[in-house]
Number of protein chains: 2
Amino acid sequence: MPVTKGSPLDPARTRAAVLHRATAIFYARGLDGVGVAELCSTMGISKETLYRHFGSKEGLIEAVLKERSERVTRWLSEAAEAAGSDPRARLAAVFDALASWHGEPGFRGCAILNAATQHHGAGGPDEAGQHGAPREVAARHLERRLALLTDIARDAGAAQPEVLGRQFLMLVTGATIVADHHPGTPDAARHARTAALALLDAATHPDHRP
Amino acid sequence: MPVTKGSPLDPARTRAAVLHRATAIFYARGLDGVGVAELCSTMGISKETLYRHFGSKEGLIEAVLKERSERVTRWLSEAAEAAGSDPRARLAAVFDALASWHGEPGFRGCAILNAATQHHGAGGPDEAGQHGAPREVAARHLERRLALLTDIARDAGAAQPEVLGRQFLMLVTGATIVADHHPGTPDAARHARTAALALLDAATHPDHRP
DNA sequence: CTGTTATGGTACCGATCGGTTCCATCAAAG
DNA sequence: CTTTGATGGAACCGATCGGTACCATAACAG
């Protein structure tokens, strides 16, 4: 029989705590920037515990990235929903959420995209049929974000919501990258928001020029 | 006296060849994805030669990134110039060049941004007063790209060329990232081009609506 | 109580890392 | 010819890597 729920020996609770702590450490130091030994000592667990729960460092990374992707996706969707039903307001809310994220103290870009970039060495599918896990997670991550943005474009009545959604995706992604790597553009998300709204208006309103 | 120019023992020629080969290897495998030993054997040189020319792996990386940044910047500027003097045509040419780059066989995103992401562990300035070299090179790289795009926006007569230039920068960067990490969007640069031209037109033409 | 289970700590493994040193070679300068 | 300097090859260094095995402890089940 399993031990009592919530006890300090509850494996599920331990796993969740490790996942949470490892997410922050990997984000701050990079996937290859921290070894398993230091990782465990920082988290206050033993290596045996880590390997019992996740099998390998790769397994831990994959679990961290999947959980992070779901959390971020949910966070952005909720930010859009909170803005109401007007597509324009929802789009603006997405970029406002982006701006506040970029302004957070430890901001270092998108953890999922960073991980995929750091692991680009494992390019193709390996012998186990597994592609590089970080790159797969990143692709699905962008796919979900594209779906959210395309929904907004569709609700707004754009002629080509798929195209407009992809343009929004590039603005969101580009703003995050620029905010991370170009200190001269601290308000990237604000400018991206202006551009996105202009594109939405151009795709929605009829063209008045001859 | 130095040996005859062009001889196989000419240090400058050796250095240039190493730089060229290392650029391709680092781009394909990642900065940490290949060790110095494999790097040297692949390039057909000895470790002593590498360390005599570049001092350390970090020194080689820095030299590779700086050379790459200059080459890419020159390439994009020339693509814009070749389109003539019309700002709209030059802007379109930039995204056309981007599209052809994204379509190349070994495309793996921007080498400079990838390197900066892979080395985000060396966050602040170290004891030698040197910030993480890859991150500095990336910041300057984006700065030069921003200057090119802002010039186009200014030549087009935009009311706020700095803002429009930054929006172009986010579209260029976002398109490259999406093309790398989202297989579902193979024509990212084409959609980014459409968006950029729409933004340029909106910022240039007077607004006809009440 | 006893038995089970999850845990933290530690020592250890082979492999690989970045970097250093020595040496034979080979082309060009004199 | 001899001398000079750049090179490739290989051995070697200490450190760190991801991963495994073993063990004492502590909390819970019965």
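So you know, we letter chains A, B, ... as the sequences are listed, proteins then strands, and number each from 1.
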B/S/- along nucleotides 14-21 of chain D (protein heavy atoms under 4.0 Å) is ---SSBB-
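Nearest approach of A:Ala79 to A:Ala97, heavy atoms of both residues: CB-CB, 3.9 Å.
To the nearest angstrom, P of C:dT7 lies 12 Å from CZ of A:Arg13. The nearest whole Å value for the distance from the CG atom in A:Leu39 to the C1' atom in C:dG8 is 15 Å. Atom pair B:Leu50:CG and D:dA6:P shows a separation of 16 Å (rounding to whole Å applied).
In terms of the side chain to side chain donor-acceptor pair (under 3.5 Å) criterion, A:Arg21 has no residue partners (sequence neighbours excluded). Scored by the side chain to side chain donor-acceptor pair (under 3.5 Å) test, A:Arg90 finds A:Asp155 as partners (sequence neighbours excluded). For A:Glu67, the side chain to side chain donor-acceptor pair (under 3.5 Å) partners at least two apart in sequence or on another chain are A:Arg71.
A sub-4.0 Å separation between OP1 or OP2 of D:dA6 and a side-chain N or O of B:Arg52 is absent. Distances shorter than 4.0 Å separate none of the side-chain N or O atoms of A:Ser46 from OP1 or OP2 on C:dG9.
Listed candidates were C:dG8, C:dT7, D:dT7. Nearest to the side chain of A:His53 is C:dT7.
Pairs of residues two or more places apart, or lying in two chains, that qualify as side-chain hydrogen bond (donor to acceptor under 3.5 Å, both in side chains) and include a residue from residues 77-88 of chain B are B:Arg88-B:Asp201. Within the structure, salt bridge (Lys or Arg N to Asp or Glu O under 4.0 Å) pairs that include any residue of residues 164-179 of chain A do not occur (at least two apart or interchain).
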